[in-house]
2 protein chains.
Amino acid sequence: MASTIHDLARHLNISIGTVSRALNGRADVNADTRQRVLDAAKKLNYSPNQSGRSLRQGATHSIAFMLQPHPGDQQYGEPFFIPFLIGLQAKLAEHGLDLMVVMGEPGQYQQERLRRVVETRLVDAVVLANTRRADDRIDYLSKAGFPFATLGRSQSGDDTYPSLDIDFERAGDEAVDRLVARGHRRIAAIRPSNDLNFGYLFLDGYRKALRRHGIEVDPALIADGFINEAGGYEVTPRVMRSQDPPTAIIFNNDAMALGGCKALAEMGIKPGHDMAVIVIVDTPLCRYFSPALTAFRPALEPMGRRLAEMLLASLPAFAGPEGTRIIREVWPLELVARDSD
Amino acid sequence: MASTIHDLARHLNISIGTVSRALNGRADVNADTRQRVLDAAKKLNYSPNQSGRSLRQGATHSIAFMLQPHPGDQQYGEPFFIPFLIGLQAKLAEHGLDLMVVMGEPGQYQQERLRRVVETRLVDAVVLANTRRADDRIDYLSKAGFPFATLGRSQSGDDTYPSLDIDFERAGDEAVDRLVARGHRRIAAIRPSNDLNFGYLFLDGYRKALRRHGIEVDPALIADGFINEAGGYEVTPRVMRSQDPPTAIIFNNDAMALGGCKALAEMGIKPGHDMAVIVIVDTPLCRYFSPALTAFRPALEPMGRRLAEMLLASLPAFAGPEGTRIIREVWPLELVARDSD
DNA sequence: TGTGTTCTCGTAAACGTTTACGGAAAAACG
DNA sequence: CGTTTTTCCGTAAACGTTTACGAGAACACA
């Protein structure tokens, strides 16, 4: 069934070298011969064996996306990533690259998987998501000199790898802006713990905006929790027990927002009536929740395409004539106004 | 950085053959030598090169999952598949296999991608999802003699490949049962068009249950639509315009249910009050919708694990002593009673 | 001591590609 | 017609493994 380059050579009575050159579009092969090879390839249903090709070229033509669900998040299915992956894979496919998704058990660090993927030369490059503030995966890849890109920034601002992130800082800022414009002064922020970098960035924007409006940042209105529904449910009552409770809450994650709304409901508080709620980042869940949650939405699919481009530009094999470039980008989010604020 | 088997051999002053045998746990190598090889491997940070290994063994040790979003479904992100993938990958990893997720552009058939994956020997086997009633991918793989398994059944009941499916027939049956028990006689069924096999199976169960209860099947209460929100939105009014409108609707897909509920809302009909709604299959969206939708839920993560087992059992290289077995299973769904019926 | 067995290892081929190198034939040039 | 250049192709090595085969040494057995 599977024919090799040798089969073609035998069939055409020429050498395998010529066959290979013909197939790869090299210049030093007669136009007529090339056509005959191409015809034979079609006739014998030839496709190059990836393993052979990879071994020889030292490149596998595939990229790994390391997907690491947050603890307790499996029920949500990380809807965030699918559109991103669609974009990523679409762009990679344009360049003949395959996408391998390496998933870990939820909540368990994937350092070990990563090492294996890298050392075993399973892929040519890696895309990391859910980057942490101090991310040992980034340290490892940097040290190993293995090509990678990240969705999300880490703490170290070094420009040695391409990264694409959402502007959580600006989103936090704009959320506060919007709430203040609607008359709120007591605005709470609920977010995952500090080691996830976007929680840190979000809080930064939140603080800056408050100060700009001359509102004192009240630590009692800031709470950290696990990045899932249970986390939001557990932590929301905490800010509500403040001396001077908030009239608005910004949630830094959709799942946490849903848990928070559940807690609010149990306290007899209705989002959209008694409490303004905004969530960063939007997912389909926000849209269908009742009340529909006002949220900041990223352009995930284009982001996937873009990060693929950026990664490719950083790979010597794909970099254009201008050579290898490292690019970092931060994309804005779009406010989707709904019924909760 | 990356050391090869030759490096180890040179370092220990033995032949590469012995090194390989030592690493692979073969019997014909002295215990002392083996230990020295293992130590050196750790010291030199050796990992076998996948390409070399694949080429020689004729096996890549990886499995492809062909993910094909339905047209217009990218916003939902196919939350259905993530838990399944987590289970699938977990079980495969136990056997040293990697999972490659091949995603197509939403809505565009992936026959071409599949061919490339197969002919190029990129993976050892393939897992198909979203199987259609007559599925050319299955035909192709069967004909090519390439190992595969499916999540979902196709029309042809041939037992030549492992498959795992949800019991849509029974779910349709039980949904009708439940609604009849609650006093409904006019029960509508809204589902994707016939070529998706599960829509066909669901309708079968629906019909059987109605007949069992002595209720005539009214074609005016059955509608097909695109399997997304727009489809549900478009098609639901159709059954409502029936002479004798339904008092209950069973939706065969979460997205269609959401679209349907939107249409109902515009007609002033409130699910859970004026209309009973049940959806097959449950997703997080159902849970957070208002009213929370009663739904049938599959055990996705265990299903992923199970299908991996079934696939492995069908592969000669992994089949136990009892040899290659083809297994087909159909799993029941669990009713999650919420507020919509 | 001679023969057979077991243990351990080295040799070399093979998997399917790509590519550096060189050479023969054809074409160009004076 | 002789020389140089160009065109085209074959040869062979290399990528990093695994494994069939055989050989030498040690051992057992009679």
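A, B, ... follow the sequence lines: proteins, then strands. Residue 1 opens every chain. Side chains are part of it too, since the values below use all heavy atoms of this structure and drop only hydrogens, waters and symmetry mates.
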Determine whether a donor-acceptor pair (N or O, by modelled atom type, separation under 3.5 Å) exists between the side chain of B/T120 and the backbone of A/P48.
yes
Examine distances only and state if a side-chain atom of B/S51 and a backbone atom of A/T60 form a donor-acceptor pair shorter than 3.5 Å.
no
Does anything in residues 27-35 of chain B reach DNA chain C, meaning a heavy atom under 4.0 Å, and if so which residues?
B/D28, B/V29, B/N30, B/T33
Pairs satisfying ring pair (Phe, Tyr, Trp, His ring centres under 6.0 Å), at least one member in residues 6-54 of chain B, at least two apart
none
Taking the inter-plane angle between the rings of A/H95 and A/F318 on a 0 to 90° scale, is it parallel (under 30°), tilted (30 to 60°) or perpendicular (over 60°)?
perpendicular
Listed in order of residue number, which residues of residues 4-15 of chain A have a non-hydrogen atom at under 4.0 Å from DNA chain C?
A/T4, A/I5, A/H6
Side-chain ion pair, B/E94 and B/R305, N-O less than 4.0 Å
yes
Any donor-acceptor pair under 3.5 Å linking the side chain of A/E119 with the backbone of B/S47?
no
Are any side-chain N or O atoms of A/N24 and backbone N or O atoms of A/R21, one a donor and one an acceptor, separated by less than 3.5 Å?
no
Enter the inter-axis angle for the ends of the helix from C/dT1-D/dA30 to C/dG30-D/dC1 (five pairs per end, rounded to 10°).
50°
Are B/D28 and B/R26 within salt-bridge range, i.e. N to O under 4.0 Å?
no
In terms of the nearest nucleotide of DNA chain D, which residue is placed more toward the 5' end: B/R26 or B/G52?
B/G52
Any side-chain donor paired with an acceptor under 3.5 Å for B/S163 and B/R328?
yes
Looking at B/D39 and B/K42, is any side-chain nitrogen of the basic one under 4.0 Å from a carboxylate oxygen of the acidic one?
no
Tell me whether the guanidinium CZ or amine NZ of A/R132 lies under 6.0 angstrom from the six-membered ring centre of A/F198 and within 45° of its axis.
no
Closer than 3.5 angstrom, by distance alone: can the side chain of A/N197 be matched with the main-chain N or O of A/R153 as a donor-acceptor pair?
yes
Is A/S20 reaching over with its side chain to a backbone N or O of A/I16, donor-acceptor style, under 3.5 angstrom?
no
Is a side-chain donor or acceptor of B/S54 paired with a backbone partner of B/Q50 at a separation under 3.5 angstrom?
yes
Okay, side chain of A/S3, backbone of A/L44: is any donor-acceptor separation there less than 3.5 Å?
yes
Of all nucleotides in DNA chain C with an atom under 4.0 Å from a non-hydrogen atom of chain A, which is the first and which the last going 5' to 3'?
C/dG16 to C/dA20
Could you tell me whether B/G17 contacts a base, only the sugar-phosphate backbone, or nothing, with contacts defined as non-hydrogen atoms closer than 4.0 Å?
base
List every contact pair, protein side and nucleotides 25-28 of chain D side both N or O, where the distance is under 3.5 Å.
none

Sorted by position of nearest nucleotide on DNA chain C, 5' first, the leading residue of B/T18 and B/R56 is B/T18
Any base atoms under 4.0 Å from B/T120, or only sugar-phosphate, or nothing? Heavy atoms, all strands.
nothing
